[in-house]
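These notes concern the structure reproduced below.
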Amino acid sequence: MKKIVSMALVLCMLLSVAAFAETSGEVVKIGCILPLSGGSAYIGQLEQEGVDYCVAYYNSKGGIGGKKIEVVYADSTGVADVAVTELERLITVEGVVAVTGPFNSTVAVAMAPICEKYQVPFVILGAASLQVLQQGYTYTFRPGNTANTNTDALLGICDLIEAKFGDKIENAAILYANGEWGVSQSESFKELFSKAGINVVFNETFEAGTSDFSSIITKLKNSGAQVMIPVLDNFSDAVLFARQMKEYKANIAILACGGVFVLQEFIDTLGADANLIFSTDVWNADFLPMRGEEAVALHQGYIDQYGHKMGEQAGMAWVAAVTLLEGMKNAASTKGSDIKDALLAQDLKPGDEAMMMIPYEGIKMNEETADGQFGQNIYAFSMASQVINGEWRAVFPDSILQNNPITWPIVTE
């Protein structure tokens, strides 16, 4: 019976999407800047799917004030200068009233002052670097995870391992790519792991695109680390590192930091070598049963349309799009200043329809957080997952999961 109800909900939603597209004339434009070519293109594609699916859902319910929402996409190529040029085009030529995106932190850092200059609200889709929101901007908002919430999730895994299996994690290692995100995220890991009483016994950087991690892995094996945190944003680096960790029988648990690690392609490429790796996975559909039947049905509609589950990228695109569209719904007009005010005043609660596909207790961004993030959702946290039977399965936080499949210890035979 539940399956029949779920399919009916999805069918009704899709039919109403089609009907709205046929009958609505007026539009309101939002911009979305993603890496649609270059090294992060696949991630950009997944994020575009999440934005498109969310916008179609809102259009099925009448859009914004009776106007159909139209998304105007621009390709950042993952390069900050390109993103800035495209952003100004979206604002001055295309006439978008607000923007979302990007994936890359360096791009978000460059976009924020442009949005401030033109007074165009900017809701960040990815870009976890703390630097983005430390400048006191009033038009930039991030409803999702940060470098610090990512650290909290990996510390949460360490706590779960001790609580469920009795193994106390005392020593950790950090390896990071030498870039904006890598440096920011690694600094957060080092500071917060140390504060939690876990010794950082290895902390090194490397240049992206390396051809061999063997010397680094040898150092790791001699460091005494029980867990190691790779902060890598290059897919080939992530695959090579994980493969060589298995090859050299490092027997150190990998606690990765999302991004390229949580793509299904990562598991498909590595096969059994991906087994039991942990990672932050800031949106994983495993929490949806706790949200109810309609949330599960809406996710099934995404699967039916795109042929795969919503993962971290599409899920966080949904979170960003919902945040922006709810702000636009509640704004006095489509003027940037009015949308900005509505976003500042936004206070979504767990029972609200808008929170159906969002794992947090709420979305509220009208105050500065303890780590100096103005415009950061104070309820945001990072989920974390583990590769179990060839699939990323959510394992943290335990409180939002019906069943937790976390597996320990990590042993390479």
Side-chain angles (χ1 to χ4, degrees), residues 29-35 40 43-44 47 51 71-94 96-150 179-185 187-188 233 282 316-317 319-321 323-325 327-328 331 335-344 346 363-369 371-378 380:
K29 292 182 179 181
I30 61 172
C32 185
I33 295 183
L34 297 173
S40 302
I43 288 174
E47 291 173 337
V51 172
V71 187
V72 184
Y73 286 98
D75 181 10
S76 71
T77 72
V79 177
D81 289 346
V82 174
V84 167
T85 299
E86 287 296 280
L87 176 57
E88 293 199 317
R89 179 182 64 81
L90 290 180
I91 295 170
T92 62
V93 178
E94 296 290 348
V96 302
V97 299
V99 294
T100 188
F103 166 68
N104 312 83
S105 289
T106 51
V107 174
V109 169
M111 286 175 61
I114 306 301
C115 290
E116 197 76 11
K117 170 186 171 182
Y118 287 101
Q119 297 188 342
V120 171
F122 170 28
V123 176
I124 294 172
L125 191 160
S129 171
L130 298 179
Q131 183 182 348
V132 184
L133 296 182
Q134 286 178 335
Q135 314 304 318
Y137 298 130
T138 57
Y139 279 81
T140 299
F141 304 90
R142 180 167 50 204
N145 62 301
T146 73
N148 283 352
T149 65
N150 290 341
E180 166 61 35
W181 177 60
V183 172
S184 173
Q185 187 67 74
E187 288 174 351
S188 174
D233 55 7
V282 296
M316 290 310 294
V319 172
T323 301
L324 175 57
L325 297 177
M328 291 172 65
K335 286 177 56 179
S337 58
D338 287 338
I339 297 172
K340 178 259 294 182
D341 290 344
L343 287 166
L344 281 171
Q346 195 168 77
I363 294 180
K364 183 181 176 66
M365 297 177 291
N366 64 344
E367 58 185 83
E368 187 176 348
T369 62
D371 50 6
Q373 303 288 292
F374 182 87
Q376 172 65 41
N377 178 22
I378 62 173

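Worth knowing before you read on, the calculation uses all heavy atoms, side chains too, and leaves out hydrogens, waters and symmetry mates.
With contacts defined as side-chain heavy-atom distances shorter than 4.5 Å, the pair Val72/Cys32 does not qualify. Taking 4.5 Å as the limit, every side-chain heavy atom of Lys29 sits out of range of all side-chain heavy atoms of Leu90. Within the 4.5 Å cutoff, the side chain of Val71 has heavy atoms near those of the Val51 side chain.
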Name each donor-acceptor pair under 3.5 Å that joins a side chain in residues 336-344 to protein atoms two or more places apart or in another chain, with its distance.
unit_1: Asp338; atom_1: OD2; unit_2: Ser333; atom_2: OG; d: 2.5

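Taking Thr77 as the reference, Ser37, Asp75, Val79, Val82 meet the side chain to side chain contact (heavy atoms under 4.5 Å, CB included) condition, with sequence neighbours excluded.
Partner of Leu324 under the side-chain contact (heavy atoms from CB on, under 4.5 Å) criterion, out of Leu125, Val319, Val123: Val123 alone.
Looking at every heavy atom in both residues, Ala108 comes nearest to Phe122 through O-CE2, 4.0 Å. Between Pro35 and Gly78 the shortest heavy-atom distance is CB-N, 4.0 Å. Of all heavy-atom pairs between Ala147 and Leu130, the closest is CB-CG, 4.1 Å. The nearest pair of heavy atoms linking Ala83 to Val107 is CB-CG1, 3.3 Å. Nearest approach of Ser188 to Asn148, heavy atoms of both residues: OG-OD1, 2.6 Å. Across all their heavy atoms, Ala127 and Val132 have their closest contact at O-CG2, 4.5 Å.
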Q) Taking it one step at a time, do Phe141 and Ile124 satisfy side chain to side chain contact (heavy atoms under 4.5 Å, CB included)? A) CA-CA 6 Å; Phe141 304 90; Ile124 294 172; over 6 Å; no
(Q) Please determine whether side chain to side chain contact (heavy atoms under 4.5 Å, CB included) holds for the pair Gln135 and Val109, giving the CA-CA distance in whole Å, both sets of side-chain angles, and the decisive distance to 0.1 Å. (A) CA-CA 10 Å; Gln135 314 304 318; Val109 169; over 6 Å; no
Q | Pair Met316-Glu47, side chain to side chain contact (heavy atoms under 4.5 Å, CB included): steps then yes or no | A | CA-CA 8 Å; Met316 290 310 294; Glu47 291 173 337; over 6 Å; no
Q. Given the rule in the side chain to side chain contact (heavy atoms under 4.5 Å, CB included) test, do Glu88 and Val93 qualify, once you have shown the distances and angles that lead to the verdict?
A. CA-CA 8 Å; Glu88 293 199 317; Val93 178; over 6 Å; no
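Side-chain atoms of Lys364 do not come within 3.5 Å of backbone N or O of Asn377 as any donor-acceptor pair. Remark: side-chain polar atoms of Gln376 are not paired, donor with acceptor, to backbone N or O of Leu133 under 3.5 angstrom. Between the Thr149 side chain and the Asn145 main chain, no donor and acceptor come within less than 3.5 Å of each other. Remark: the backbone N or O of Tyr139 is not paired with any side-chain donor or acceptor of Gln119 at under 3.5 angstrom. Proximity of a side-chain donor or acceptor of Glu86 to a complementary backbone N or O of Ile33 within less than 3.5 Å is not detected. Here the side chain of Arg89 pairs no donor or acceptor atom with the backbone of Val84 at under 3.5 angstrom.
To the nearest 0.5 Å, the span separating CG on Leu34 from CZ on Phe103 amounts to 10.5 Å. Between atom OG of residue Ser76 and atom CG of residue Leu87 there is a gap of 11.0 Å, rounded to the nearest 0.5 Å. In this structure, Gln134 CD and Phe374 CZ are separated by 14.0 Å, a value rounded to the nearest 0.5 Å. For the atom pair CD (Glu116) and CE (Met111), the distance works out to 13.0 Å, reported to the nearest 0.5 Å.
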